[in-house]
2 protein chains.
Amino acid sequence: MNSPALSLRHNHFLNGGSALASGIRLPRSISSPFRVRMSLQENGPSVAVVGVTGAVGQEFLSVLSDRNFPYRSIKLLASKRSAGKSMKFEERDYTVEELTEDSFDGIDIALFSAGGSISKKFGPLAAQKGTIVVDNSSAFRMDENVPLVIPEVNPEAMAHVKLGSGKGALIANPNCSTIICLMAVTPLHRRAKVKRMVVSTYQAASGAGAAAMEELVQQTREVLEGKEPTCNIFNQQVPSCDLPSQCSYAFNLFSHNAPIQPNGYNEEEMKLVKETRKIWSDKDVKVTATCIRVPVMRAHAESVNLQFENPLDENTARDILKNAPGIVVVDDRASNRFPTPLEVSNKDDVAVGRVRRDVSQDGDYGLDIFVCGDQIRKGAALNAVQIAEMLL
Amino acid sequence: MNSPALSLRHNHFLNGGSALASGIRLPRSISSPFRVRMSLQENGPSVAVVGVTGAVGQEFLSVLSDRNFPYRSIKLLASKRSAGKSMKFEERDYTVEELTEDSFDGIDIALFSAGGSISKKFGPLAAQKGTIVVDNSSAFRMDENVPLVIPEVNPEAMAHVKLGSGKGALIANPNCSTIICLMAVTPLHRRAKVKRMVVSTYQAASGAGAAAMEELVQQTREVLEGKEPTCNIFNQQVPSCDLPSQCSYAFNLFSHNAPIQPNGYNEEEMKLVKETRKIWSDKDVKVTATCIRVPVMRAHAESVNLQFENPLDENTARDILKNAPGIVVVDDRASNRFPTPLEVSNKDDVAVGRVRRDVSQDGDYGLDIFVCGDQIRKGAALNAVQIAEMLL
């Protein structure tokens, strides 16, 4: 990891990016109903962040701070390897502590993003001790006792979880592609009931972690210099890749690296299928998805084809979306201006455009839309912090 | 245009690419039935290439040479600006000539790729003089008197066009996305009849021409150096883009730059809808498409969801594809190995994978597939040369 690549990642992609973000003028949505304007304060909850050194862990801190999330204390937890590191948060210095079984004593809310196996081991343990765990991994998403929540979509699913009751709980954050898709589709579903949904994704490097983003930068640099691209991250994830040039991510795209299930879908695709059903409490909704990784840094795009039970014309759909929380409509046909991943990077809102009547369906029973959302922010950290805000 | 960018483009993307193409081991399809093993020869046709200095024009020459297309003479035509340039073809030196009304005297076959307005002006004129024009522009595709041909799909459409009859003709090459999609879908359509098709594309820079490929390289370089990206090509094509960072193509993607039609679809999408109907001679087939440009150099990818009239299980579908001309199946679930644009770059075959029963449809009436094909080669130059080969 050379320093130019690192500084590029930090300056331009992970944390905003002067060159890329400057001048990106995306209208912001109306203030979220979950927004609270407080910060370090005596009567706030005690908070722990698990996996604080990762891409999402870092974004948890940014989002907590941006939204002035009130907290009595904050504990930064990571693996043994990162323990002892010092980290600044809201003008104070903290030391990263090793995650252990004792980490959750006295913790009210824990935000987890350290992978499924850490969540499986420490999530239930923390909940037993009275901590409310908001988990960003897939470990508990399909557990029928664990609510799977997008605050704008199904806040009722976590109505029984109360902060200060002394009872801990697990709440699961949906997968990034599901959050971004359902943020846009749910307002339309409420009006016209989605019967069937065909999704094709254009997913960013960030979903595979900070190291993957790093490798995309490094590979791109190498390809531009005429060198063979380094292929460590995606070499591991695509086991057949024995030659770097075969699995280059720079100037290329590939079927999502999640394992393929017996039905031929990869896990990422089946998350969209299954999580949609759980979040909508609708076992019958039909969903298919094709998930593809594209050489984009931190925001996902999704092409979504919708079939409705009831008619919904495109103008009504656009109006519904304009009034939906957390959604911004970018749909300027005259100047060919629609959502792009770069424009939603580091933004809270999910952008929707290309709203049009599907010419392959009769009448007003079908729509095509194109959606973009920041994978690390609304696709992960922001959604988790919004869940925590609902507990306050 | 600095020389590193140029050499990168030429070495790595336009003409094969040692670093990128080395080690890419994609199985080649069975020899095309249209392949002919001859070259410069007295009884071959006289050929003209119109737009010879463009990306597709250059590829016409590569493909003619690769396939030993027989020709008595070859004339290289371009705009006044490029006239006088010298160019080597099969070991001989040629001078690029300015395209004029007299250019087609004595020409048997002309391959056009110089934009729609040049085709509209010179195509009918050449045909009147007895030349058979294979036109890569969209100018005549939907003209009911002009056959729109993919040789593997609907060769019968041009059965009435005869070389040596003294009668000229226009034959249209379909749009790149249509060719790549229908190469894969037609063999399945023949078996089970497609009722409805939902396509989302991942389109390469090459579709916007050599200058766009150049700009993608330049922008990527600039972004990696922390500079504002140069935005000339896509600035023109996305008129609203008044700030370079808004229309950066590097590490970004965007809705295809073709103009939006009154129905909300862009022209590129409607080409897929309309050309499919014409090529299959099926006015009733339902097609919808969302066309997106991704930062990939020269091969398109397409996620295609299919609904069939008759049942077709995924194993049968895979077998049909394995035996289809010009198709290679890359569908290794165990090692997560599927088609990528990089692997099909500079290849003739269209690669198909992710063949699976659509879980959103009942029984065996639906499939999802993922398709990749070289935009400049099968998506343009190769298909046109194959059409010319059918005339021999």
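Each chain gets a letter, A, B and so on, in the order the sequences are listed, and its residues count up from 1. This is a predicted model, so every value here is computed, not measured.
For A/N266, the parts sitting under 4.5 Å from any heavy atom of chain B are the backbone and the side chain alike. Heavy-atom distances place the backbone of A/V287, and not its side chain, under 4.5 Å from chain B. Interface remark: A/E269 contributes side-chain atoms only to the contact with chain B (heavy atom separation under 4.5 Å). The parts of A/D358 that come within reach of chain B are both its backbone and its side chain, each placing non-hydrogen atoms under 4.5 angstrom from that chain. In this structure, no portion of A/A205 lies under 4.5 Å from any heavy atom of chain B. Heavy atoms closer than 4.5 Å to chain A are found nowhere in B/A299, neither backbone nor side chain. At a 4.5 Å heavy-atom cutoff, the contact between A/N305 and chain B is made by side-chain atoms alone.
Annotation for B/K286 and A/D362: closest pair NZ-OD1, 3.8 Å, computed over non-hydrogen atoms. Here the shortest heavy-atom pairing between B/I292 and A/Y202 reads CG1-OH, 3.4 Å. Closest approach of B/L342 and A/N252 over heavy atoms only: N-OD1, 3.0 Å. Shortest non-hydrogen contact noted between A/R356 and B/T290 is NH2-OG1, 2.8 Å.
Heavy-atom pairs under 4.5 Å with chain B peak, among A/F370, A/F338, A/Y265, at A/Y265. Chosen from A/S303, A/P259, A/A204, A/P339, the residue pairing most often with chain B at heavy-atom distances under 4.5 Å is A/S303.
Shown here are the side chain to side chain donor-acceptor pair (under 3.5 Å) partners of A/D284, two or more places apart in sequence or in another chain: there are none. Partners of B/Q307 under the side chain to side chain donor-acceptor pair (under 3.5 Å) rule, at least two apart in sequence or in another chain, are A/R196, B/R196.
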Item to complete: Decide side-chain contact (heavy atoms from CB on, under 4.5 Å) for B/T340 and A/L253; before the verdict, give the C-alpha distance in whole Å, the side-chain angles of both, and the deciding distance to 0.1 Å.
Response: CA-CA 6 Å; B/T340 72; A/L253 54 84; 5.9 Å; no

Practice prompt. List the steps and the verdict of side-chain contact (heavy atoms from CB on, under 4.5 Å) for A/N336 and B/F254.
Written response: CA-CA 10 Å; A/N336 213 332; B/F254 53 90; over 6 Å; no

Item to complete: For B/R354 and A/I260, run side-chain contact (heavy atoms from CB on, under 4.5 Å): C-alpha distance rounded to whole Å, both residues' side-chain angles, the deciding distance at 0.1 Å, then the answer.
Response: CA-CA 10 Å; B/R354 301 301 318 278; A/I260 303 286; 4.1 Å; yes

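Side-chain N/O atoms of B/T288 and A/S360 include no donor and acceptor closer than 3.5 Å.
The CZ atom of B/R337 sits 12.0 Å away from atom OG of A/S255, with the distance rounded to the nearest 0.5 Å.
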